[in-house]
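Shown next, in structure tokens, is the structure this report addresses.
By convention in this document, chain letters (A, B, ...) are assigned in the order of the sequence lines, proteins followed by strands, and residues within each chain are numbered from 1.
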2 protein chains.
Amino acid sequence: MVTLAEVAQHAGVSASTVSYVLSGKRSISTTTRQRVEQSIRELGYHPNAGARALASSRSNIIALMIPLRTDMYVPVMMEIAIAVATTARLHGYDVLLLTGEEGPDAVRRVTGSGLADAMILMDVELEDERLPLLRQTDQPSVLIGLPASTSGLTCVDLDFGATGALCVEHLAKLGHRDIAVVGEAPAVYERHTGFAERTLDGLRSRAREVGLRVLHRPCEGGYDAMAVTLARIFDERPGTTGFVVQNESAVEPLLALLRQQGRAVPEDVSVVAICPDQVAVQASVRLTSVAIPAQEMGRYAVEHLVAKLDGRGSDEVVLIAPELTVRASTGPAPAGS
Amino acid sequence: MVTLAEVAQHAGVSASTVSYVLSGKRSISTTTRQRVEQSIRELGYHPNAGARALASSRSNIIALMIPLRTDMYVPVMMEIAIAVATTARLHGYDVLLLTGEEGPDAVRRVTGSGLADAMILMDVELEDERLPLLRQTDQPSVLIGLPASTSGLTCVDLDFGATGALCVEHLAKLGHRDIAVVGEAPAVYERHTGFAERTLDGLRSRAREVGLRVLHRPCEGGYDAMAVTLARIFDERPGTTGFVVQNESAVEPLLALLRQQGRAVPEDVSVVAICPDQVAVQASVRLTSVAIPAQEMGRYAVEHLVAKLDGRGSDEVVLIAPELTVRASTGPAPAGS
DNA sequence: ATTCGCTGTCGAAGCGCTTCGACAGCCTAT
DNA sequence: ATAGGCTGTCGAAGCGCTTCGACAGCGAAT
């Protein structure tokens with residue numbers, strides 16, 4: 001393994017000079033710099049990460065905590081993870097993958113050991129156990145999601161409240177009076193994941209304003225669960241003509257079931273989904289949807305952290321405005337309803 | 001930040017003693033050990049990762065390289081990543097997430113800098129550019145996937161050759177004579193990803209043995225692409241009664257299209273999928289499928305690496321035997337065919 | 001009683017890097 | 001001609017840990 005000292009010797013300069021060439025923290029003459037860079041290339045030198053971390057108290061690693069469970073939004077998670085990893089590399093950082101399993105202990109471990117310089121947390125609950133720790137450490141962090149109180153925290157998320165409202169507005173404008181919300185799995189509500197509740201709140205309050213009736217039903221993904229949920233919905237509100245689907249793994253089953261029951265989309269029933277665009281366009285009916293901007297959130301999280309680590313930037317909460325794209329799954333409410 | 005020295009002072013022992021308590025590499029009297037452990041707890045000590053890595057040349061980190069592209073098997077990737085992270089933690093390792101984007105450079109960077117002690121590579125191509133580097137470094141690695149030559153490498157993968165054969169056998173036994181294979185996206189074949197080709201080979205050679213005709217068509221995921229592909233298939237081989245689907249994002253579209261065309265599954269047409277069990281049971285028809293053992297592969301990869309880092313274990317290629325689960329999407333070939 | 005071999009603990013060196021203060025040499029302003 | 005200010009380079013200290021050799025103390029074997 002090639003060391004700094006060997007590079008220095010090869011280039012005929014001192015170790016500190018090589019270090020300054022690498023970091024750019026002091027000015028170096030062009031000739032010296034080139035000589036050093038040449039030596040680095042010839043010897044195939046890579047700085048030792050541990051030594052660097054020890055001396056500088058900087059690991060150049062960002063920790064990403066993803067939920068262990070796979071009961072929701074797998075593609076979204078993946079997209080965020082990839083955006084985080086890619087953006088981090090652009091700024092010279094690597095990404096450490098933590099699962100939610102360890103919970104608060106993972107936060108303690110990472111901040112205590114200097115494993116990472118900063119953290120990104122996903123799957124944030126309203127009263128998340130990890131928050132107190134984040135508030136008291138001076139390590140920067142970004143939440144992807146929105147807890148009950150955001151004081152002293154930085155968060156990014158889609159504005160799910162506005163998203164819910166937007167879906168309602170769209171359906172209301174088309175003349176629908178009775179809509180059903182196919183929500184996330186019950187477990188998601190039970191652990192008070194912010195986004196699911198906020199969607200519902202936004203949706204209900206706008207519905208009240210525009211005089212629209214809303215029936216909300218949590219739903220596991222998959223065909224069988226959706227079949228049961230759908231039956232209940234039509235049982236309770238036979239006049240339902242609009243659907244808002246938040247659980248993306250319920251989208252395709254819903255479409256299939258409606259088709260099977262002879263209800264045409266969008267002639268008889270309209271469907272709005274909250275899902276990544278890719279899912280919306282690959283579905284069997286091109287879905288009117290509000291996109292989940294996974295990449296944007298991942299990128300933002302990293303860039304905010306990098307800014308903070310560079311001494312720029314401050315705490316803030318960024319709610320991304322939802323955009324609804326009209327595709328082929330929504331249309332005017334049928335006359336008779 | 002609490003240091004080893006502070007713990008030592010608090011416990012009234014030397015720093016090295018604390019270190020030995022932590023590592024267990026020398027025997028320590030019970031009383032001393034307890035005193036030290038008490039101090040560690042009281043002070044909330046966490047060893048500094050950089051210092052530890054520097055002194056021991058061990059980072060306790062395993063690098064996981066996942067493909068950047070999301071054109072295939074997102075849930076499988078995610079499942080593997082989570083299994084890797086979870087298993088790694090069990091053995092005291094953390095996971096560094098690398099994207100395929102950097103290619104061979106990532107391998108160089110990681111081995112050169114001592115960032116990680118070992119690597120797991122996914123999305124392996126037959127003649128992967130990263131392989132020469134892996135062969136020449138002494139850092140242990142595991143490939144999830146199978147390249148053209150495995151000498152000097154450790155690999156785990158589902159036995160896709162046997163998987164293809166198994167699918168054919170199942171359909172043959174049910175009396176099907178003409179089957180179609182809905183493959184991965186063309187790009188997957190173009191970059192010579194091993195598993196896709198091996199599936200096809202296994203499938204074709206068994207088909208030859210049992211006298212079955214096979215038509216293979218690559219297919220992007222999604223409804224539109226599947227519609228085009230399906231039309232071509234029936235155009236060319238109207239007598240097709242069996243399908244093997246490798247691209248999991250084509251499964252649901254295929255089922256929907258068949259239904260739409262009035263072809264009943266499994267009465268008129270049988271479908272076998274190669275996909276995670278979760279996908280198979282959540283589909284609109286419970287699918288007869290060969291499972292992709294994502295968790296098992298992830299776990300195996302980590303455990304093999306840990307063994308190697310502990311000086312146990314050796315190079316080997318593990319091909320997991322496929323298991324076909326019969327569900328509701330396959331049945332006897334229709335009489336007239 | 002002396003030697004031998006344990007067990008448990010300590011001190012010190014060193015891992016490879018960053019960074020601070022020092023300073024040589026040169027140019028500009030007086 | 002001299003002082004002052006730059007620019008570019010160097011040496012040394014130190015980051016927090018692991019690990020090696022040394023050795024004190026003790027019981028067992030001679």
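Under the salt bridge (charged side-chain N to carboxylate O under 4.0 Å, His left out) criterion, no residue pair touches residues 22-36 of chain A, with sequence neighbours excluded.
We find that CE of Met1(B) is positioned 13 Å from C1' of dC17(D), with the value rounded to whole Å. In this structure, the CD atom of Gln9(A) is 12 Å from the P atom of dG11(D), given to the nearest Å. To the nearest angstrom, P of dG16(C) lies 16 Å from CZ of Arg58(B). Regarding Asn48(B), its CG atom lies at a distance of 18 Å from the P atom of dG14(D), rounded to whole Å. Look at CG on Leu54(B): it is 7 Å from P on dG16(C), rounded to the nearest Å.
Contacts between residues 36-44 of chain A and DNA chain D, defined by a heavy-atom separation below 4.0 Å, involve no residue at all. DNA chain C is contacted by Ser16(B), Thr17(B), Tyr20(B), Arg26(B), Ser27(B), Ile28(B), Ser29(B) of residues 15-29 of chain B, taking any non-hydrogen atom closer than 4.0 Å.
Under the rule for a side chain to side chain donor-acceptor pair (under 3.5 Å), the partners of Thr32(B) that lie at least two apart in sequence or sit in another chain are Ser29(B). Residues meeting the side-chain contact (heavy atoms from CB on, under 4.5 Å) test with Glu129(A), sequence neighbours left out: Pro104(A). Residues satisfying the side chain to side chain donor-acceptor pair (under 3.5 Å) test with Asn60(B), not counting sequence neighbours, are none. Taking the side chain to side chain donor-acceptor pair (under 3.5 Å) definition, one finds that Asp105(B) meets it with Arg108(B), sequence neighbours left out. Legend: residues meeting side-chain contact (heavy atoms from CB on, under 4.5 Å) with Thr86(B), ordered by chain and number and at least two apart, are Leu68(A), Thr99(A), Glu101(A), Ile82(B). The side chain to side chain donor-acceptor pair (under 3.5 Å) search around Thr111(B) returns none, not counting sequence neighbours. For Gln9(B), the side-chain contact (heavy atoms from CB on, under 4.5 Å) criterion is met by no residue, not counting sequence neighbours. Residues forming a side-chain contact (heavy atoms from CB on, under 4.5 Å) with Ala148(A) (at least two apart in sequence, or on another chain): Leu126(A), Glu127(A).
Put simply, CG on Leu97(A) and CZ on Arg89(B) are 12.0 Å apart, with the number rounded to the nearest 0.5 Å.
Of the candidates Thr150(A), Leu131(A), Asp123(A), Leu131(A) is the only one forming a side chain to side chain contact (heavy atoms under 4.5 Å, CB included) with Leu143(A).
Taking the screw axis at each terminus of the helix from dA1(C)-dT30(D) to dT30(C)-dA1(D) from five consecutive base pairs, the angle between the two is 50° to within rounding of 10 degrees.
In this structure, Arg52(B) reaches the dT18(D) phosphate: one of its side-chain N or O atoms is under 4.0 Å from OP1 or OP2. OP1 or OP2 of dT18(C) has not a single side-chain nitrogen or oxygen of Ser56(A) nearer than 4.0 Å.
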